[in-house]
Amino acid sequence: MMAIPGESRLRYHCQLRQSAGERRADTHPLTWRLREDGARIGLDEYREKDGYEAAIRTLEKCTPGDVIGTMKEANVRGRGGGGFSAGLKWSLTQVGDHLPRGYLICNADEMEPGTFKDRLLLEQLPHLLIEGMIIAAYANRSCYGYIFLRSEYVEAARSLALAIGEAREAGLLGKDVAGSGFDFDIALHTGAGRYICGEETALINSLEGKRANPRAKPPFPGQSGAWGKPTVVNNVETLCNAPGVMQHGVDWYRGLSGGRSEDGGTKLYGVSGLVERPGLWELPIGTRGREILDRAGGMREGHTLKAWLPGGGSTGFLLPEHLDLPMDFDTIGQYGSRLGTGLIAVVSRRQSIVSLMRNLEQFFARESCGWCTPCRDGLPWTVKILQALERGEGKPDYIEILEQHTVGLNPARTFCAHAPGAMMPLESALRHFRAEFEAGIAQASLEGVG
Ligand SMILES: Cc1cc2nc3c(=O)[nH]c(=O)nc-3n(C[C@H](O)[C@H](O)[C@H](O)COP(=O)(O)O)c2cc1C
Ligand code: SF4
């Protein structure tokens with residue numbers, strides 16, 4: 001491809017904002033291999049930069065139990081939003097030597113509003129993911145892997161397809177991976193573009209060619225997942241952590257947070273919204289929101305921070321005073337929100353929370369799979385109410401109805417976490433910015449009440 005003179009290496013805002021000089025193998029395990037020009041790293045370059053050494057050594061020297069023990073001790077927590085321990089998940093799946101071998105699925109559906117971290121790894125460093133999948137598959141005795149990719153990620157699809165082909169040709173996938181006696185191959189599957197396909201059991205249904213609604217749990221995928229076999233589903237970033245852990249060990253991985261968090265490793269953090277430099281950074285897990293925002297150059301001129309979502313559209317709003325909290329799973333969870341994907345979305349004082357919520361709920365209502373009534377009917381109802389409040393035509397009981405939704409669509413009452421995720425920003429918006437909602441109640445109806 002010909003370079004366009006003067007073209008920035010930042011083709012999209014999802015590019016990394018750290019120079020090659022800042023990224024080192026011992027401090028930036030996810031991104032140190034990335035090039036300044038943002039081009040995809042092919043097999044030769046990946047191998048020159050120690051690529052596949054961790055997987056080959058793991059297959060040679062470790063048992064599956066060793067790998068799981070190492071991942072557990074390192075405290076690698078799932079980067080798909082839930083923060084569940086990867087090692088623990090794998091230990092619950094690894095249920096014996098003689099069971100039918102199952103599947104490993106990489107969740108690359110990335111449709112969370114404001115989230116664009118996996119895209120970076122998928123487009124530019126596909127071999128890191130493949131290497132992580134080899135390690136995870138070996139630990140879980142998976143015979144086959146799937147990458148379930150968001151269909152709009154066309155460049156990622158191209159990059160992954162090339163990388164899978166390169167790895168196969170080099171004997172790193174297929175029969176007898178790297179001469180180890182372990183067989184494992186990967187297929188790339190592009191979804192049809194639904195947010196609910198990111199939910200792991202809906203994803204499995206979709207992969208099997210069925211309607212993409214979630215499945216009841218238990219049984220969990222680790223016991224009975226794709227085609228009834230033990231199945232591990234992990235996020236792209238989670239799997240990309242495995243090579244570093246196996247290469248450098250538990251103490252190194254845990255030390256990466258520099259005491260900022262009990263969680264191990266680094267995190268791909270990002271910022272979107274009205275900031276000077278939206279983008280992505282690989283930073284120690286537990287980095288404070290303020291530092292991440294500073295790296296993004298702060299709010300754009302003329303804008304002041306009113307609120308922020310710490311990790312995607314299904315997390316709760318935090319306030320400017322929360323910027324000094326360490327951005328890790330447990331801390332953010334204590335303040336009525338979730339770390340989620342760790343990609344911050346800022347809200348300016350000049351933006352309306354009601355309009356923002358209407359926009360978000362429209363997305364969640366459209367993406368409901370329609371399987372259970374509270375979500376299928378409740379989400380469009382919140383949209384109608386928010387639209388009326390936005391127009392200044394709300395009725396006096398509208399805020400109470402919204403509050404009832406935040407309770408009625410909680411995890412105990414809906415079939416999956418989609419509706420509770422949709423309610424988290426709404427509940428926190430009502431708690432922090434009630435006056436903005438009240439301002440949308442029509443004067444005429446207030447007079448009627450009085
Ligand atoms: C509605 C919904 C959408 C989700 N979307 C994604 C997604 O796009 N990517 C992802 O990794 N996890 C997503 N998840 C979480 C997955 O169900 C699952 O927990 C995750 O892939 C597990 O990976 P991890 O343990 O590595 O974090 C979603 C969950 C829900 C409820
Ligand atoms: S909560 Fe929503 S997305 Fe989840 S099963 Fe029910 S209808 Fe489907």
Side-chain angles (χ1 to χ4, degrees), residues 25 29-30 32-35 39-68 70-71 86 90 93-94 97 99-108 121-149 155-190 207 226 229-232 234 236-249:
L30 298 174
W32 71 274
R33 296 178 176 96
L34 293 183
R35 290 164 52 159
R40 166 186 175 271
I41 309 286
L43 181 62
D44 292 343
E45 187 175 348
Y46 186 68
R47 294 201 82 164
E48 275 162 28
K49 295 176 174 171
D50 304 340
Y52 288 105
E53 279 182 16
I56 292 169
R57 194 135 32 103
T58 301
L59 298 186
E60 253 173 37
K61 299 205 159 46
C62 302
T63 64
D66 294 338
V67 183
I68 289 172
T70 306
M71 290 291 285
W90 296 4
T93 306
Q94 192 230 6
D97 287 341
L99 276 174
R101 291 171 71 194
Y103 300 107
L104 171 70
I105 299 176
C106 167
N107 190 342
L121 299 168
L122 295 164
E123 289 182 351
Q124 295 185 28
L125 208 46
H127 284 289
L128 180 65
L129 175 62
I130 295 173
E131 184 173 9
M133 288 183 72
I134 293 171
I135 293 170
Y138 176 68
N140 290 290
R141 296 179 168 85
S142 315
C143 58
Y144 210 83
Y146 292 92
I147 300 173
F148 190 103
L149 181 68
E155 191 167 333
R158 201 178 303 127
S159 167
L160 286 165
L162 275 171
I164 291 170
E166 286 174 331
R168 243 181 235 145
E169 212 167 297
L172 294 159
L173 285 177
K175 280 223 156 293
D176 191 21
V177 172
S180 64
F182 174 64
D183 303 337
F184 177 67
D185 210 337
I186 296 176
L188 175 63
H189 177 97
T190 47
L207 189 66
K229 297 275 171 61
T231 300
V232 171
N234 272 129
V236 174
E237 189 186 350
T238 314
L239 291 163
C240 286
N241 272 277
V245 176
M246 296 315 293
Q247 179 99 336
H248 303 294

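One-based numbering along the sequence shown.
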Distance check, rounded to the nearest 0.5 Å: L34 atom CG versus K49 atom NZ?
8.0 Å

From R158 atom CZ to L122 atom CG, the distance as rounded to the nearest 0.5 Å:
13.5 Å

What residues, two or more places apart in sequence or in another chain, satisfy ring pair (Phe, Tyr, Trp, His ring centres under 6.0 Å) together with F182?
Y138

More than 12 heavy atoms of other residues, nucleotides or ligands under 6.0 Å from CD of E53: is that the case?
yes

I would like to know whether L173 and I134 meet side chain to side chain contact (heavy atoms under 4.5 Å, CB included); could you show each step before the answer?
CA-CA 8 Å; L173 285 177; I134 293 171; 4.1 Å; yes

With no hydrogens and no angle check, is any side-chain donor or acceptor of E123 less than 3.5 Å from a backbone partner on E155?
no

Provide the closest heavy-atom pair for A157 versus T190 in the form atom of the first, atom of the second, distance.
CB-CG2, 4.4 Å

Whether N234 side chain and C106 backbone form a donor-acceptor pair below 3.5 Å:
no

Could you go through the side chain to side chain contact (heavy atoms under 4.5 Å, CB included) check for V67 and I135 one step at a time?
CA-CA 8 Å; V67 183; I135 293 170; 3.7 Å; yes

Which atom names give the shortest non-hydrogen contact between M71 and A86, and what distance separates them?
CE-CB, 4.1 Å

How long is the gap from NE2 on H127 to OG on S159, to the nearest 0.5 Å?
8.0 Å

Mind checking the CG-CG spacing from L188 to L160? Nearest 0.5 Å is all I need.
5.5 Å

Grab the two heavy atoms, one from G174 and one from V177, that are nearest each other, plus how far apart they are.
O-CG2, 3.6 Å

Just by distance, do the side chain of Q247 and the backbone of A54 share a donor-acceptor pair under 3.5 Å?
yes

Presence of salt bridge, E166 and R40, under 4.0 angstrom:
yes

Y144: what forms a ring pair (Phe, Tyr, Trp, His ring centres under 6.0 Å) with it, not counting sequence neighbours?
Y146

From CG (L104) to CH2 (W90), nearest 0.5 Å:
8.0 Å

Nearest heavy-atom contact between L128 and C240 is CD2-CB, 3.7 Å

If we only count heavy atoms from C-beta on, is the P126 to L162 side-chain gap below 4.5 Å?
no

N241-T238 side chain donor-acceptor pair, cut-off 3.5 Å
no

Nearest non-hydrogen partners of A136 and N140, listed with the distance
O-ND2, 2.8 Å

Between T93 and T231, what is the shortest heavy-atom contact and its length?
CG2-N, 4.5 Å

Test log, rule side chain to side chain contact (heavy atoms under 4.5 Å, CB included), inputs M133 and I147
CA-CA 9 Å; M133 288 183 72; I147 300 173; 3.7 Å; yes

Whether the side chain of R168 engages the backbone of I186 through a donor-acceptor N/O pair (distance < 3.5 Å, no angle test) should be reported.
yes

May I ask you to decide if R101's main-chain N or O and R141's side chain share a donor-acceptor pair within less than 3.5 Å?
no

Is D50 close to W32 at the side-chain level, that is, under 4.5 Å between some pair of heavy atoms?
yes

Atom CE in M246, atom SG in C62: separation rounded to 0.5 Å?
4.0 Å

